[in-house]
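Read through the structure below, which is laid out as structure tokens, and then see the notes.
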Amino acid sequence: MKRRICIIGAGPSGITALKNLKDKNLDVVVYDRNHEVGGNWIFSEDISHSSVFETTHIISSKTLSQYEDFTFDDFDTSVADYPSHDELRRYFQAYASNFQLYPFIEFRTTVKHCERISDQEWNITIVQDERERIEKFTDLVVCNGHHSVPRMPEYPGHFSGEFMHSHTYKKAAPFADKRVLVIGGGNSACDVAVETSRVSKKTSISWRRGYRIIPKFFFGLPSDIVGARSSWLPVKIRSWFNDRLLNIMLGKNKLYGLQEVKTKFGETHPTINDELLYKVRHGKVHPKVDIEKLDGTTVHFKDGTKEDFDVIIACTGYILKHSFFDPSLIDYSDGPVPLYLKMFHEAYHNLFFIGMFQPLGCIWPGSELQSKVLANYFTGEWKLPKNMKRLCEREITHPHYKQIKTPRHTITVDYHKFRKALLKELPKDWISKEPLKVSISA
């Protein structure tokens, strides 16, 4: 039977999957709900669309955030060290144009349901222009990302003000002259706190534990480029070294009135932000501990303090959910995720995931390598290992980092280690451009 492959999503992972499968002359169709490629890097104020904020810049440097088949220099040599969401949107669209991908993408199309009939057949229910139809495929490649279903926190009591998730936050202007409480210590939380502090009456940020705040630059270089210099070291030693360097450069959290970090480097996702500590020390963002309970507009904190707020913005992550699957088939919402190389299922050999991992770095360079492995699988140039059950179990029992048990950490990988693992599965005559060498000595 001739393969006919469905790809869900035309974001950064979906377009590289399409490009690499088309390189093998495979029959591929991509469905995407947006009007253009780029996924959540297409800024929109429509709250139904999971998009970046108005002021978002990527948190990994351009050197470690590019496709090897189409680098930022191939696109525009003037791109910033940390590109804006608009630069990235244009980069992804240039990638799609360069490799002539648009004829194979059906936009404004929602995938409603995916039914696996057999090892050689899927029934994919799609909706276009309010019309529903079923398309048949032999294989399904899921590239829809993992930032679409907000995870809301729950606290005793009730908040009578506006209680929202960062999913619906688009820009700071609506929060002018308001008392804002941001929940979370991750990248989104710190960005929201910094941005709202520019216009709000007061902005506070509530942490349930201490978080590492890593600046975007060390010694004049992007911090991930500095970190890459030690990528040859074992993860434990590298983590220890990076932790020491961070303490020397910034000092302890207590100097900023923030909770101390009690986890080892890598046990949680680091937060990349240059402005939060500046805003805290300038009295623009006010640190608070975890929430005890809610009472009207009053928030009670676990240190015994209380304060009134107009708005609470929960930057508490997303549920890893695929609404187009029956939960009996696929349900990773509570973890773990036993996929070999974060892409191959133990039993369903016509179902694949590209980009469903969270590196301590950028996703799409890894998605590109996953796509090359998948393309070789479809053509028979790469075979699934015979011990798939054990390898899938090992993905859970031997993570790159032994992280704390929270839903956010079920799909974490080390950027450099994951990259090396994927490169081992590619032909030895495939030459990597090794983007680490492009600007590490800049």
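Throughout, numbering of the chain's residues begins at 1 and tracks the sequence.
- Closest approach of Ser231 and Ala228 over heavy atoms only: OG-O, 2.8 Å.
- Distance CD/Glu425 to NZ/Lys383: 14.0 Å, rounded to 0.5 Å.
- Not a single donor-acceptor pair under 3.5 Å links the side chain of His85 to the backbone N or O of Thr55.
- Residue-environment remark: NZ (Lys24) exceeds the threshold of 12 foreign heavy atoms within 6.0 Å.
- In summary, the side chains of Ser367 and Ser13 do present a donor paired with an acceptor at a separation below 3.5 Å, with no hydrogens or angles considered.
- Across every non-hydrogen atom of Ile58 and Cys362, the tightest pair is CD1-SG, 4.2 Å.
- We find that Lys288 and Glu307 are joined by a salt bridge, their nearest charged nitrogen and carboxylate oxygen being less than 4.0 Å apart.
- Side-chain atoms of Val37 and Val30, non-hydrogen and from C-beta on, never get closer than 4.5 Å to each other.
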**Request:** Just do the salt bridge (Lys or Arg N to Asp or Glu O under 4.0 Å) check on Arg89 and Glu36 with the steps written out, would you?
**Result:** CA-CA 9 Å; Arg89 173 190 61 79; Glu36 252 288 5; over 6 Å; no
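- Between atom CD1 of residue Ile272 and atom CG of residue Asn187 there is a gap of 6.0 Å, rounded to the nearest 0.5 Å.
- A donor-acceptor pair shorter than 3.5 Å can be found between the side chains of Thr298 and Asp308.
- To the nearest 0.5 Å, the span separating CD1 on Ile15 from CZ on Phe70 amounts to 9.5 Å.
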**Item:** Full working for side chain to side chain contact (heavy atoms under 4.5 Å, CB included) between His345 and Leu339
**Value:** CA-CA 5 Å; His345 194 278; Leu339 298 172; 4.1 Å; yes
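- For the side chain to side chain donor-acceptor pair (under 3.5 Å) with Asn123, the lone residue among Lys136, His113, Glu135 that qualifies is Lys136.
- By the 6.0 Å and 45° rule, Lys216 stacks over the aromatic ring of Tyr82.
- For the pair Lys342 and Phe357, the cation-pi test (distance below 6.0 Å, angle within 45°) is failed.
- Counting only heavy atoms from C-beta outward, the side chains of Ile213 and Cys190 approach each other to under 4.5 Å.
- No donor-acceptor pair under 3.5 Å is formed between the side chain of Thr56 and the backbone N or O of Glu54.
- Between Val52 and Lys170, the shortest heavy-atom contact is O-CD, 4.4 Å.
- The shortest side-chain heavy-atom distance between Asp331 and Phe325 does not fall under the 4.5 Å cut-off.
- Stacking of Arg179 on the aromatic ring of Phe309 is not recorded, the 6.0 Å distance cut-off and the 45° axial limit not both being met.
- A ring pair (Phe, Tyr, Trp, His ring centres under 6.0 Å) with Trp364 holds for exactly one of Tyr415, Phe92, Tyr95; it is Phe92.
- Under the 4.5 Å side-chain criterion, counting only non-hydrogen atoms from C-beta, Ile312 is in contact with Leu294.
- Distance check, rounded to the nearest 0.5 Å: CG of Asp119 to OG1 of Thr138 gives 11.0 Å.
- Taking both residues in full, the closest heavy atoms of Phe344 and Leu374 are given as CE2-CD1, 4.2 Å, listed atom of the first, atom of the second, then distance.
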**Message:** Walk me through whether Ile8 and Tyr31 qualify under side chain to side chain contact (heavy atoms under 4.5 Å, CB included).
**Reply:** CA-CA 5 Å; Ile8 301 178; Tyr31 297 126; 5.7 Å; no
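- Counting only heavy atoms from C-beta outward, the side chains of Pro153 and Phe163 approach each other to under 4.5 Å.
- Taking a 6.0 Å sphere around CZ of Arg131, one finds it holds 12 or fewer heavy atoms contributed by other residues, nucleotides or ligands.
- Put simply, CG on Asp139 and SG on Cys6 are 10.0 Å apart, with the number rounded to the nearest 0.5 Å.
- Proximity of Ile214 to Asn242: side-chain heavy atoms (C-beta onward) are nowhere separated by under 4.5 Å.
- Checking Asp81, Asp76, Thr77 one by one against Val79, the side-chain contact (heavy atoms from CB on, under 4.5 Å) holds for a single residue, Asp76.
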**Item:** Audit row: Leu276, Tyr211, side chain to side chain contact (heavy atoms under 4.5 Å, CB included) steps and yes/no
**Value:** CA-CA 12 Å; Leu276 180 72; Tyr211 292 82; over 6 Å; no
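- For the atom pair OG of Ser197 and CZ of Phe175, the computed distance is 13.0 Å after rounding to the nearest 0.5 Å.
- In this structure, the side chain of Glu87 engages the main chain of Ser84 through a donor-acceptor pair within 3.5 Å.
- Remark: Lys19 is positioned above the aromatic ring of Phe99, its terminal NZ or CZ atom under 6.0 angstrom from the ring centre and at most 45 degrees off the axis.
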**Asked** Can you check side chain to side chain contact (heavy atoms under 4.5 Å, CB included) on Tyr155 and Val299, steps first, answer last?
**Response** CA-CA 10 Å; Tyr155 302 101; Val299 177; over 6 Å; no
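- Enclosure of atom NZ in Lys284 is not indicated, since only 12 or fewer non-hydrogen atoms of other residues, nucleotides or ligands lie within 6.0 angstrom.
- A distance-only check finds no donor-acceptor pair linking the side chain of Arg3 to the backbone of Thr379 [under 3.5 Å].
- The residue from Phe72, Phe75, Tyr91 that alone fulfils the ring pair (Phe, Tyr, Trp, His ring centres under 6.0 Å) condition with Tyr67 is Tyr91.
- Between Thr71 and the choices Asp74, Asp73, Asp69, the side chain to side chain donor-acceptor pair (under 3.5 Å) rule is met once, by Asp74.
- Nearest heavy-atom pair, Thr203 versus Ala193, reported as atom, atom and distance to 0.1 Å: CG2-O, 3.6 Å.
- Using a 4.5 Å heavy-atom cutoff, the side chains of Cys315 and Tyr169 are not in contact.
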**Message:** salt bridge (Lys or Arg N to Asp or Glu O under 4.0 Å), that's the test. Do Arg133 and Glu106 meet it? Break it down for me.
**Reply:** CA-CA 14 Å; Arg133 74 173 191 268; Glu106 296 188 24; 3.5 Å; yes
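- No donor-acceptor distance shorter than 3.5 angstrom exists from the side chain of Glu195 to the backbone of Lys171, with no hydrogens or angles considered.
- In this structure, the side chains of Glu368 and Asn20 come closer than 4.5 Å at one or more pairs of heavy atoms.
- For Trp122 and Phe324, the ring centers sit 6.0 Å or farther from each other.
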**Message:** Quick one, Glu68 with Arg419, criterion salt bridge (Lys or Arg N to Asp or Glu O under 4.0 Å). Give me CA distance, side-chain angles, the key distance, then yes/no.
**Reply:** CA-CA 12 Å; Glu68 297 190 29; Arg419 173 183 167 79; 2.5 Å; yes
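- Other residues, nucleotides and ligands contribute only 12 or fewer heavy atoms inside 6.0 Å of the OH atom of Tyr278.
- Using modelled atom types, one side-chain atom of Asn350 and one backbone atom of Ser118 make a donor-acceptor pair closer than 3.5 Å.
- Under the side-chain hydrogen bond (donor to acceptor under 3.5 Å, both in side chains) criterion, Ser61 pairs with Asp224, not counting sequence neighbours.
- Across all non-hydrogen atoms, the minimal contact from Ser223 to Phe218 is CB-CD1, 3.5 Å.
- Under the ring-ring contact (aromatic ring centres under 6.0 Å, His included) criterion, His165 pairs with Tyr318, sequence neighbours left out.
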